[in-house]
Undergrad: 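Mind looking over this structure? Questions follow.
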Amino acid sequence: MTDIGHLDDTDIDLAIDDGEAGERRATELATRLRMVAAQDPDLAQDLVEDLIVALDQAMGGTIRKHLDGPALGVADRVLRAPEQGR
């Protein structure tokens with residue numbers, strides 16, 4: 001028998017629909033952000049803030065409607081008027 005490398009469930013598990021594929025991409029993004037945060041918390045914070053700005057732009061300025069708790073507080077801080085800067 002030839003060893004062709006390690007396979008785990010995620011290598012062969014296929015998304016059923018676009019929604020499920022999106023969930024998987026979001027989970028992968030969260031995992032990668034956690035890995036960055038473990039190495040460089042300031043860089044991770046900058047990446048999250050940039051992501052919030054990009055998502056807000058893509059959603060026509062409505063990201064706050066989809067957030068609550070601490071995430072909403074971060075979005076409010078990050079998305080304040082551009083002339084105030086970050």
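Values below: all heavy atoms of this structure, side chains included; hydrogens, waters and symmetry mates excluded.
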Undergrad: What's the separation between atom CG in Leu55 and atom CG in Leu51, rounded to the nearest 0.5 Å?
TA: 4.5 Å
Undergrad: Could you list the donor-acceptor pairs under 3.5 angstrom formed between side-chain atoms of residues 57-67 and any protein atom two or more places apart in sequence or on another chain?
TA:
from, atom 1, to, atom 2, distance (Å)
Thr62, OG1, Met59, O, 2.7
Arg64, NE, Asp76, OD1, 2.7

Undergrad: Tell me every residue that passes side-chain contact (heavy atoms from CB on, under 4.5 Å) with Leu43, counting only those two or more places apart in sequence or in another chain.
TA: Val36, Asp40, Leu47
Undergrad: For the atom pair CG (Leu72) and CZ (Arg77), what is the distance rounded to the nearest 0.5 Å?
TA: 12.0 Å
Undergrad: Does anything in residues 25-36 pair up under salt bridge (Lys or Arg N to Asp or Glu O under 4.0 Å), and if so which pairs, sequence neighbours excluded?
TA: Glu28-Arg32
